[in-house]
Amino acid sequence: MTNKQGYLLTIDQSTSGTKALIIDSAGAIIAKSSVEHKQYYPSPGWVEHDPMEIYENVLRASEAVLQQAGIEPSRLAALTLTNQRETAVMWDRATGLPVCNAIVWQCQRTAERCEALKAAGYEEIVRAKTGLMLDPYFSAAKWRWMLEQVPYIDRLLEEGRLLAGTMDSWLLWKLSGGAVHATDYTNASRTSLFNIHELRWDTELCELFGVPIELLPKVKSSDAVFGVTNAKDSQLLSYPIPIAGIIGDSQAALFGQHCFETGMAKATYGTGTSVLMNIGEKPVAAENGLVLAIGWSIGGKVTYALEAVIRTSGDTIKWVRDNLGLFHTFAELEELLLQTHHNEGVYLVPAFVGLGAPYWEPQARAMISGMSRGTGRPHIIRAAIESIAYQVRDAIELIEEGTGIPLKMLRTDGGASDNATLMQFQADMLGCGVSKSDVAELSALGSAYMGGLGIGIWGSLSEIAKQMRKYEIYMPLMDQTQRAQNYEGWKRAVGVVLQDSAAAYHSPIAEASEAGSKKSIPCS
């Protein structure tokens with residue numbers, strides 16, 4: 001298919017909200033609209049979203065951005081989609097309604113099940129086939145929880161009415177009017193059920209997690225044309241627009257950053273942070289907290305990536321603002337950061353929903369340490385900002401060890417990358433340059449590139465790579481002694497958190513809390 005004309009409507013459905021963007025054939029963002037959705041925290045460590053609210057927000061944002069740009073649906077060459085990845089949805093194909101709230105990738109409710117599977121010796125089987133460790137972060141155990149906890153789920157299963165998928169599958173099914181149940185290789189690779197070497201749903205893994213394989217979507221290349229829009233509850237998206245370019249948000253950012261060559265890496269600073277390196281067409285063993293992922297697939301040909309996952313990064317800044325009330329605007333944040341140029345021994349370990357790479361401790365909980373009587377707002381805010389950079393350094397060191405490739409430059413994107421203090425501190429902690437793109441919406445742009453390849457707006461990766469972009473470069477300024485002291489302080493603080501989590505995991509209070517939390521949370 002060739003289509004050099006027209007615009008792309010790109011949906012960027014993230015953990016905190018939904019954006020709709022109009023992107024032209026030069027890769028320029030013409031218009032943008034965004035809508036936040038509610039976060040549900042029904043029990044400690046649990047996180048949920050309402051899938052219907054998210055779908056309705058997709059419609060709202062899409063209609064708003066089309067009106068803003070003054071573009072009719074007939075001028076759209078394709079609708080592309082990038083999404084929060086491991087968040088699990090299950091729905092009734094007859095009613096078009098989810099059976100319960102979506103279980104978000106951050107949610108820890110399945111930690112006990114994952115620990116039991118580890119204890120039974122199944123982690124190596126899962127890792128060998130999927131590139132992932134056994135962890136509640138991924139989708140499979142979340143779907144099993146729904147199959148066990150939703151009261152009427154057995155009836156739906158018996159009647160063949162039940163479907164399961166990640167957020168992209170849910171939105172594709174709704175946008176196509178229930179005509180298409182599919183996903184792409186990148187999203188499938190984050191479920192713990194997809195064999196990333198044989199590129200298929202794995203029967204043994206489905207049986208291990210207790211998820212019927214017939215519930216799962218068909219898997220296609222990221223650049224495939226998945227179907228056409230037929231959203232009957234939307235006047236604009238009932239028009240038949242090709243749906244192409246479906247790709248998980250972190251992989252989309254890697255693609256949007258033009259990391260087309262082996263060894264190129266990026267960090268996306270969102271609610272959490274995903275650090276990804278392109279490792280080419282041959283997978284490598286992922287160890288010590290790294291995960292092996294499918295970076296993207298074009299025309300059935302797969303590019304692999306090595307990833308370190310950080311559970312909480314940008315969300316830490318939101319927590320300091322909303323929960324502690326230490327600042328109200330980002331201008332005020334910058335002013336407070338200027339009041340102290342050193343953390344003075346204060347560290348914040350943001351283990352609100354456990355710790356990701358390299359620790360992978362789902363039971364860890366957050367801590368602020370090193371406070372003195374002179375500690376004030378600026379120190380805690382700085383500690384929150386610095387915690388992001390420390391976690392990214394943890395991740396980069398893992399990737400360098402796993403690949404043998406020293407990082408020369410880290411490409412960055414995502415909301416928190418707009419903070420100059422963070423980017424400079426990141427360069428200081430890494431001891432190498434940090435390159436921030438002038439385009440903030442790299443996940444959306446990566447999805448648009450992928451969809452554009454699928455429908456022929458761009459003919460090749462080299463054609464996309466020719467699109468010029470401006471970068472702001474941050475080089476390290478901190479001396480090696482200070483860098484080492486800061487990082488050692490971070491490691492000590494993390495060590496205390498890990499020690500506390502190990503002691504608390506089997507405490508009577510923790511066991512009572514776990515027992516009291518086993519209940520179904522319906523959609524609101």
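- The closest donor-acceptor contact from the side chain of Asn278 to the backbone of Phe260 lies under 3.5 Å.
- The aromatic rings of His258 and Tyr449 sit tilted, their planes meeting at an angle between 30° and 60°.
- Side-chain N or O atoms of Glu332 include one that pairs as donor or acceptor with a backbone N or O of His328 at under 3.5 Å.
- For the residue pair Ala244 and Asp223, the shortest heavy atom distance occurs at CB-O, 4.5 Å.
- For Asp413 (side chain) and Leu442 (main-chain N/O), no donor-acceptor pair under 3.5 Å exists by modelled atom type.
- Inspection of the Ser250 and Ser274 side chains reveals an N or O donor paired with an N or O acceptor under 3.5 Å.
- Of the possible polar contacts, one joining the Arg311 side chain to the Leu355 backbone as a donor-acceptor pair under 3.5 Å is found.
- The salt bridge (charged side-chain N to carboxylate O under 4.0 Å, His left out) analysis of residues 438-454, with sequence neighbours excluded, yields the pairs Lys19-Glu441, Lys32-Glu441.
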Between Glu63 and Ser234, is a side-chain hydrogen bond (donor to acceptor under 3.5 Å, both in side chains) present by the stated rule, with each step listed? CA-CA 8 Å; Glu63 291 170 359; Ser234 168; 2.8 Å; yes

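- Residue-environment remark: CD (Glu400) exceeds the threshold of 12 foreign heavy atoms within 6.0 Å.
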side-chain hydrogen bond (donor to acceptor under 3.5 Å, both in side chains) between Ser192 and Thr130, intermediate numbers included: CA-CA 6 Å; Ser192 296; Thr130 69; 5.2 Å; no

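- Residues passing the side chain to side chain donor-acceptor pair (under 3.5 Å) test with Tyr269 are Gln426, sequence neighbours excluded.
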After noting the C-alpha distance and the side-chain angles of Ser313 and Thr273, does the key distance pass the side-chain hydrogen bond (donor to acceptor under 3.5 Å, both in side chains) rule? CA-CA 6 Å; Ser313 54; Thr273 291; 2.6 Å; yes

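- Residue pairs meeting the ring pair (Phe, Tyr, Trp, His ring centres under 6.0 Å) criterion with at least one member in residues 412-447, sequence neighbours excluded, are Tyr390-Phe425.
- Checked by atom type and distance alone, the side chain of His181 pairs as donor or acceptor with a backbone atom of Leu215 at under 3.5 Å.
- Here the CZ-OG distance, from Phe226 to Ser221, works out to 8.0 Å after rounding to the nearest 0.5 Å.
- For the pair Arg93 (side chain) and Gly178 (backbone), a donor-acceptor distance under 3.5 Å is absent.
- At a threshold of 4.5 Å between non-hydrogen side-chain atoms, the residues Leu199 and Phe194 count as touching.
- By the 4.5 Å heavy-atom criterion applied to side chains, Ile298 and Leu461 are counted as neighbours.
- Annotation: side chain to side chain donor-acceptor pair (under 3.5 Å) contacts of Trp170 (sequence neighbours excluded): none.
- Contact of the Asp418 side chain with the Lys436 side chain is registered, since non-hydrogen atoms from C-beta on lie closer than 4.5 Å.
- Distance alone, capped at 3.5 Å, is enough to place a donor-acceptor pair between the Thr87 side chain and the Trp105 backbone.
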Would Thr82 and Ser447 satisfy side-chain hydrogen bond (donor to acceptor under 3.5 Å, both in side chains), going step by step from the backbone distance to the final call? CA-CA 6 Å; Thr82 184; Ser447 172; 5.4 Å; no

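- Note on residues 246-263: pairs passing salt bridge (charged side-chain N to carboxylate O under 4.0 Å, His left out), not counting sequence neighbours, are Arg85-Asp249.
- Note on residues 165-194: pairs passing salt bridge (charged side-chain N to carboxylate O under 4.0 Å, His left out), not counting sequence neighbours, are Glu86-Arg190, Arg190-Glu307.
- Ion pairing between Arg60 and Glu56 fails under the 4.0 Å rule for side-chain N and carboxylate O.
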